[in-house]
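None of these values were measured; they are calculated from a predicted model.
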Amino acid sequence: AMLRLRLLTWDVKDTLLRLRQPVGQSYAAEARAQGLQVQPEALGRSFREVYRAQSRRFPNYGHGQGLSSRQWWLDVVKQSFRLSGVQDEAALTKLAEKLYRDYCSPHNWELLPGAAETLSRCRQLGLRMGVVSNFDSRLEVILSQCSLRHHFEFVLTSEAAGFAKPDGRIFEQALRLGGARPEQAAHIGDDYSRDYRAARAAGMHSFLLRAAGQGEGPEVPPEHVLPTLSHLLGRIEK
């Protein structure tokens, strides 16, 4: 390989795994199972609003602010339903705990096209691999349940690291875990600032997964863009 890479680090959500259906739909389905009628679209809007507010007020799942990521998420779910008109506190607690568990299970997640094959090929090339994700501690379970965990030497979440992308310190921890210098490593992700630009700022190579027709984002050299995950091998095997 021209790049002389030793280590690949991977984002997970919308890079390797994506939600099978919008959050509003799965939340509404769970509410229906408990006898509550809530509009999926309204729930989706409430969720986005609550998630943004909670992320501003308690960044990185409340790390260092006395909040567990579990409590952080339970609050987000309950508040999303409250905003959508559900007032029954007992029902809210039950919904929140059920949904917190459900998002650990594979029935809410699906692999992106080419994910399993690309990870297998990268391992065959002898590359070490790890995960660097702004996620909570459930990620290990999700990766195991979706049959991806075995590809990685380490799974570094922002909750465990204490820093969230684009903070360079999460990439520094990943490089230590992967035993590589920045120039021997590349990061793959779908977010321009948190993945692509942040990894480059840490001295690493990086590739941006950006499907064709995905709207106009910032300019990225075409050789750094992956229209699909399967394009990665052509980029690193040159």
Is it the case that one hydrophobic cluster holds both [X] and [Y], taking links as side-chain heavy atoms less than 4.5 Å apart, direct or via other members?
X: Y103; Y: V141; value: no
X: F154; Y: I170; value: yes
X: M204; Y: L177; value: yes

Close side-chain approach of [X] and [Y], heavy atoms under 4.5 Å:
X: D136; Y: R70; value: no
X: V86; Y: V38; value: yes
X: R52; Y: R56; value: yes
X: L19; Y: K13; value: yes
X: H187; Y: H205; value: no
X: L209; Y: D195; value: no
X: T157; Y: V131; value: no
X: L5; Y: L127; value: yes

Measure the [atom1]-[atom2] distance between [X] and [Y] for me, rounded to the nearest 0.5 Å.
X: L83; Y: R48; atom1: CG; atom2: CZ; answer: 12.5 Å
X: Q65; Y: N60; atom1: CD; atom2: CG; answer: 9.5 Å
X: L139; Y: F152; atom1: CG; atom2: CZ; answer: 9.0 Å
X: R138; Y: Q145; atom1: CZ; atom2: CD; answer: 12.5 Å
X: R181; Y: R4; atom1: CZ; atom2: CZ; answer: 12.0 Å
X: S80; Y: Y51; atom1: OG; atom2: OH; answer: 11.5 Å

Give the C-alpha distance, both sets of side-chain angles, the deciding distance and a yes or no for salt bridge (Lys or Arg N to Asp or Glu O under 4.0 Å) between E110 and R18. CA-CA 6 Å; E110 63 186 9; R18 62 187 171 204; 3.0 Å; yes

Specify whether [X] and [Y] have parallel, tilted or perpendicular ring planes, treating 30° as the upper limit for parallel and 60° as the lower limit for perpendicular.
X: H224; Y: Y196; answer: tilted
X: F47; Y: Y27; answer: perpendicular
X: F135; Y: W109; answer: tilted

Residue from L125, L119, I188 passing side chain to side chain contact (heavy atoms under 4.5 Å, CB included) with L8: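 Only one of L125, L119, I188 forms a side chain to side chain contact (heavy atoms under 4.5 Å, CB included) with L8, namely I188.
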
Does the pair R82/E89 count as a salt bridge with the N-to-O cut at 4.0 Å?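 Answer for the salt bridge query: yes.
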
Walk me through whether R123 and H151 qualify under side-chain hydrogen bond (donor to acceptor under 3.5 Å, both in side chains). CA-CA 7 Å; R123 279 175 66 218; H151 291 296; 3.2 Å; yes

Is there a side-chain contact (heavy atoms from CB on, under 4.5 Å) between L16 and L229 once you walk through the steps? CA-CA 8 Å; L16 295 171; L229 288 173; 4.1 Å; yes

Considering all heavy atoms of both residues, which atom of R128 and which atom of G178 are nearest to each other, and what is their separation?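 Residues R128 and G178, closest heavy atoms: NH1-O, 3.1 Å.
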
Does the separation of the ring centres of W10 and F207 fall below 6.0 angstrom?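 Not under 6.0 Å, so no.
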
Check step by step if salt bridge (Lys or Arg N to Asp or Glu O under 4.0 Å) holds for E97 and K78. CA-CA 9 Å; E97 290 180 348; K78 286 185 200 172; over 6 Å; no

Just one of D191, D190, D11 clears the salt bridge (Lys or Arg N to Asp or Glu O under 4.0 Å) bar with K165, so which one?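 Among the candidates, only D11 passes.
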
Take S46 and S84, measure what side-chain hydrogen bond (donor to acceptor under 3.5 Å, both in side chains) needs, and give me the verdict at the end. CA-CA 7 Å; S46 298; S84 306; 2.9 Å; yes

Using the rule given for ring-ring contact (aromatic ring centres under 6.0 Å, His included), can you reason through Y100 versus W72, listing the C-alpha separation, both sets of side-chain angles and the distance that settles it, and then say yes or no? CA-CA 10 Å; Y100 180 80; W72 191 98; over 10 Å; no

